[in-house]
Asks: 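I have a structure here, written as structure tokens, and I will follow up with some questions on it.
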Amino acid sequence: MTKGEQTRQKIIEATVALMLSDTRASVSHIIKQAHVSRTTFYRHFPSLGDAILAATLTRFPTSYQSITDPAELLELVINTLDQDLAFFVHFSVYKEEFDFLFKQLFF
């Protein structure tokens, strides 16, 4: 794993940790948790939504990529979020950021 990949992974792990806590994830919170600069964050993720999306996708089984039936995919999303209330809360708080996720998944 390259240093860039390690840094990206640190940012994702920090985002996951914040999403699992009561803290609302923000770029400021993530860079503090990951011990990276704001510039480094934005080098890896163009927006907060992109970091949250990457963190959220780590919660899904990798098999989601092979699902083509929208109903089956939605069931997977709901079941995964149901298992982790903290992620569901963030998912709903960042609804606008996740609108593009559903568009990518279903269209």
Side-chain angles (χ1 to χ4, degrees):
M1 186 180 285
T2 68
K3 184 174 178 165
E5 292 169 335
Q6 290 173 346
T7 301
R8 181 179 172 83
Q9 188 60 37
K10 277 178 36 178
I11 295 169
I12 291 171
E13 289 170 4
T15 305
V16 169
L18 288 167
M19 290 179 73
L20 289 173
S21 73
D22 289 332
T23 306
R24 181 171 173 173
S26 69
V27 173
S28 296
H29 288 114
I30 293 168
I31 63 175
K32 184 176 179 181
Q33 178 90 11
H35 304 288
V36 298
S37 70
R38 185 170 296 275
T39 302
T40 299
F41 174 89
Y42 284 111
R43 186 177 307 125
H44 292 277
F45 298 98
S47 70
L48 174 61
D50 290 309
I52 292 171
L53 173 60
T56 302
L57 290 177
T58 67
R59 310 302 284 185
F60 290 87
T62 55
S63 62
Y64 84 90
Q65 296 170 339
S66 64
I67 298 173
T68 57
D69 177 31
E72 187 179 342
L73 192 55
L74 183 58
E75 183 179 351
L76 173 67
V77 169
I78 291 169
N79 289 339
T80 302
L81 293 174
D82 188 43
Q83 293 171 15
D84 198 332
L85 182 58
F87 264 80
F88 178 75
V89 169
H90 279 279
F91 193 86
S92 62
V93 166
Y94 292 103
K95 183 191 175 307
E96 294 79 28
E97 284 88 346
F98 286 107
D99 281 344
F100 70 91
L101 167 62
F102 282 108
K103 289 176 184 166
Q104 287 178 344
L105 292 175
F106 295 117
F107 301 106

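Reckoned from all heavy atoms, side chains included, excluding hydrogens, waters and symmetry mates. If you read the sequence from its start, that first residue is 1, and numbering goes on from there.
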Asks: Can you give me the closest heavy-atom contact between Ala17 and Gln33, atom names plus distance?
Replies: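 Nearest pair, atom of Ala17 first, then Gln33: CB-NE2, 3.8 Å.
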
Asks: As an exercise, state the distance from NZ of Lys3 to NZ of Lys10, rounded to the nearest 0.5 Å.
Replies: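 Spacing of NZ (Lys3) from NZ (Lys10) equals 8.0 Å.
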
Asks: After noting the C-alpha distance and the side-chain angles of Ile12 and Phe45, does the key distance pass the side-chain contact (heavy atoms from CB on, under 4.5 Å) rule?
Replies: CA-CA 10 Å; Ile12 291 171; Phe45 298 98; 3.7 Å; yes

Asks: Is the closest side-chain heavy-atom distance between Thr40 and Arg43 below 4.5 Å?
Replies: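 Result yes, sub-4.5 Å side-chain heavy-atom pair found.
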
Asks: Say you draw a straight line from CD of Gln6 to CD of Glu13; how long is it, rounded to the nearest 0.5 Å?
Replies: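 Going from the CD atom of Gln6 to the CD atom of Glu13 covers 10.5 Å.
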
Asks: Can you name the closest pair of heavy atoms from Leu48 and Phe41 and give their distance?
Replies: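 Taking Leu48 first and Phe41 second, the nearest heavy atoms are CA-CZ, 4.2 Å.
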
Asks: Over all heavy atoms of both residues, which pair between Ile11 and Ile30 is shortest? Give the atoms and the distance, please.
Replies: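 For Ile11 versus Ile30, the nearest heavy atoms are CG2-CG2, 3.9 Å.
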
Asks: Could you report the tightest heavy-atom contact between Ala54 and Arg8, atom names first, then the distance?
Replies: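 Taking Ala54 first and Arg8 second, the nearest heavy atoms are CB-NH2, 4.3 Å.
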
Asks: Please report the shortest heavy-atom distance between Thr15 and Ala55, naming the atom on each side.
Replies: CG2-CB, 3.6 Å

Asks: Who passes side-chain hydrogen bond (donor to acceptor under 3.5 Å, both in side chains) against Thr39, sequence neighbours left out?
Replies: none

